[in-house]
Amino acid sequence: MKKIGLFLILIFSVSVLSAQKRTDADMQRWRDYGLGQFIHWGVYAIPGGQWNGKSYHGAAEWIRSWNEMPVNEYDSLYRQFNPAKFDAEKWAEMAKNMGAKYMIFTTKHHDGFCMWPSKYTAYTIANTPYKRDIVGPLVEAYSAAGIDVYLYFSIIDWNHKGYRSTLKTDADRQEYETFKQFTRNQLLELLDNYPKIKGLWFDGTWDRAWIEQAAWADSLGRELRAKIPGLIIGSRFRADLKGFRHQDANGQIIDDYDQRFERNLPSTLEETKGFDWDCVMTIPENQWGYHRDWLWTYVKTPYELIEMAVKANSLDGNLVINFGPDGNGGFRKEETDIAKEIGKWMSANGEAVYAAHHSVLEKQDWGYSTQKGDSIYLVIFNKPLNNKVRVKVPKPATKGMVNVIVKAEFPVIRKPASIEGTGADGTFYRDKNGFSYYNILIPKELQKTEMPFVIRIRLKEVDEKEAYQQAKM
Ligand code: FHN
């Protein structure tokens, strides 16, 4: 067979191609994570979505803003915060076993409570019965486990007296200046205290008051980046000078990657505009912090979360699954079970996820495909009733050539795949538009499986005439 070489067609649209991306090693590492863990933990874990016997079905970490929860009672909760079960190494081990390559931890949520002993406010872990830093041990334990750490930081801070959501008067503006200095101090403090972190994950930046600080936030961003070279910051930190968020007035992503996809995955590569992106996903519907009661909410299954992770990577993004430890520092059983199941699947099939990105195949009914070098991974979520996975391969870039599958195997069960009607490499069926189709037979071992499985294929371009002759053999 005349080898024309590996085919590589980039089917990016013009708009996708125009995205400007960081090309350094830190960003490449971020791109290859595939799967992450988010942790929402703070004093809101004590009420766990309930107050005075009443269950609140809004997000548990927002309970302070619930009418029935008196603000002064919420603001005193820290006096009880003493998470005896907190064990940073155990948390890191659980994340590692799930297959997470990065972790995002809430240093401060909208309530303003700091999980590190900040010297700029008394509302911190240092003044709880627990007294000790939480952030430091997490950074150390996760980094030691090979998991990169990112710090979540909410710009909204209901505890700081200078915080405003809008600035209506001169007095507001004056007060807000104190809040800006406080915010800057805390961010620099976090980077000084925890230089091992790889990035910052901002939230609560939709307020008009913050959007108006675009120029100041831009210079703060530069200051932060100068402290930790390679620092990664998503599109939720600052607006541009015209007030645009995520994408600036020129249509470019603000900072390093797109943070628009919260609890919602894009459907196509075009929707991502070619930007780097992550999707942060809750296990129940919209609960990030610990909620005592999950009976009223839909709880996603490991299968669904795995599907989201594969889909995210097939569209060049990362999936980050959120966990909400309780007030003692333990995880609910549903979460540990889910993490275990996902980990089991990832340890066998992770090759199709880690550092695997959008493939040259179009989206097909059996599931999603990813690609790493010349390997294309077909991740089968919808097993055909006839146990034949029909794979459509694209037309090659070169005229007079045809794409053929030269290798197809089931990596987990270590079996080569049989392709219907062939026996010889390069046999194909083509439609009138020149696309080739293959039927890959699902072996007995996988016909009854209830979890997704992976087929690894390699394509080559061959001379069209040659390929026809092979088909006659
Ligand atoms: O209001 C928060 C919410 O509590 C949670 O922290 C999520 C995580 O991305 N962010 C905000 C909503 O966008």
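Both counts, for ligands and for their atoms, begin at 1 and track the order of listing.
Counting only non-hydrogen atoms, the option in His40, Gln259, Glu61 that gets closest to atom 3 (C) of ligand 1 is Glu61. Closest heavy-atom approach to atom 1 (O) of ligand 1 within the set His110, Gln287, Met281: this belongs to His110.
Considering only non-hydrogen protein atoms, atom 13 (O) of ligand 1 sits nearest to Glu262 OE1, 2.9 Å. Of the protein's non-hydrogen atoms, the one nearest atom 10 (N) of ligand 1 is Asp203 OD2, 2.5 Å.
No more than 12 heavy atoms of other residues, nucleotides or ligands shown are found within 6.0 angstrom of CG on Asp365. In this structure, Gln174 places its CD atom where only 12 or fewer heavy-atom neighbours from other residues, nucleotides or ligands lie under 6.0 Å away. For NZ of Lys392, the number of neighbouring non-hydrogen atoms (other residues, nucleotides, ligands) closer than 6.0 Å is greater than 12. Heavy atoms from other residues, nucleotides or ligands lying under 6.0 Å from NZ of Lys180 number more than 12.
Distances between N or O atoms of Trp201 and those of ligand 1 include no value under 3.5 Å. Remark: ligand 1 and Trp288 share no N or O pair separated by less than 3.5 Å (distance only, no angle test).
In this structure, Lys101 does not pair ionically with Asp148, as no charged nitrogen and carboxylate oxygen lie closer than 4.0 Å. Remark: Asp258 does not engage Arg236 in a salt bridge, criterion side-chain N to carboxylate O under 4.0 Å. Ion pairing between a basic and an acidic side chain is recognised when a charged N comes within 4.0 Å of a carboxylate O; Glu93 and Lys90 show no such pairing.
Assignment of Arg263 to the shell around ligand 1 is not supported, since no heavy atom sits closer than 4.0 Å.
When heavy-atom distances to ligand 1 are checked against a 4.0 Å cut-off, Arg236 comes that close only through its side chain, counted from C-beta outward.
Close approach of ligand 1 to Trp62 (heavy-atom distance below 4.0 Å) involves ligand atoms 1 (O), 2 (C), 3 (C), 4 (O).
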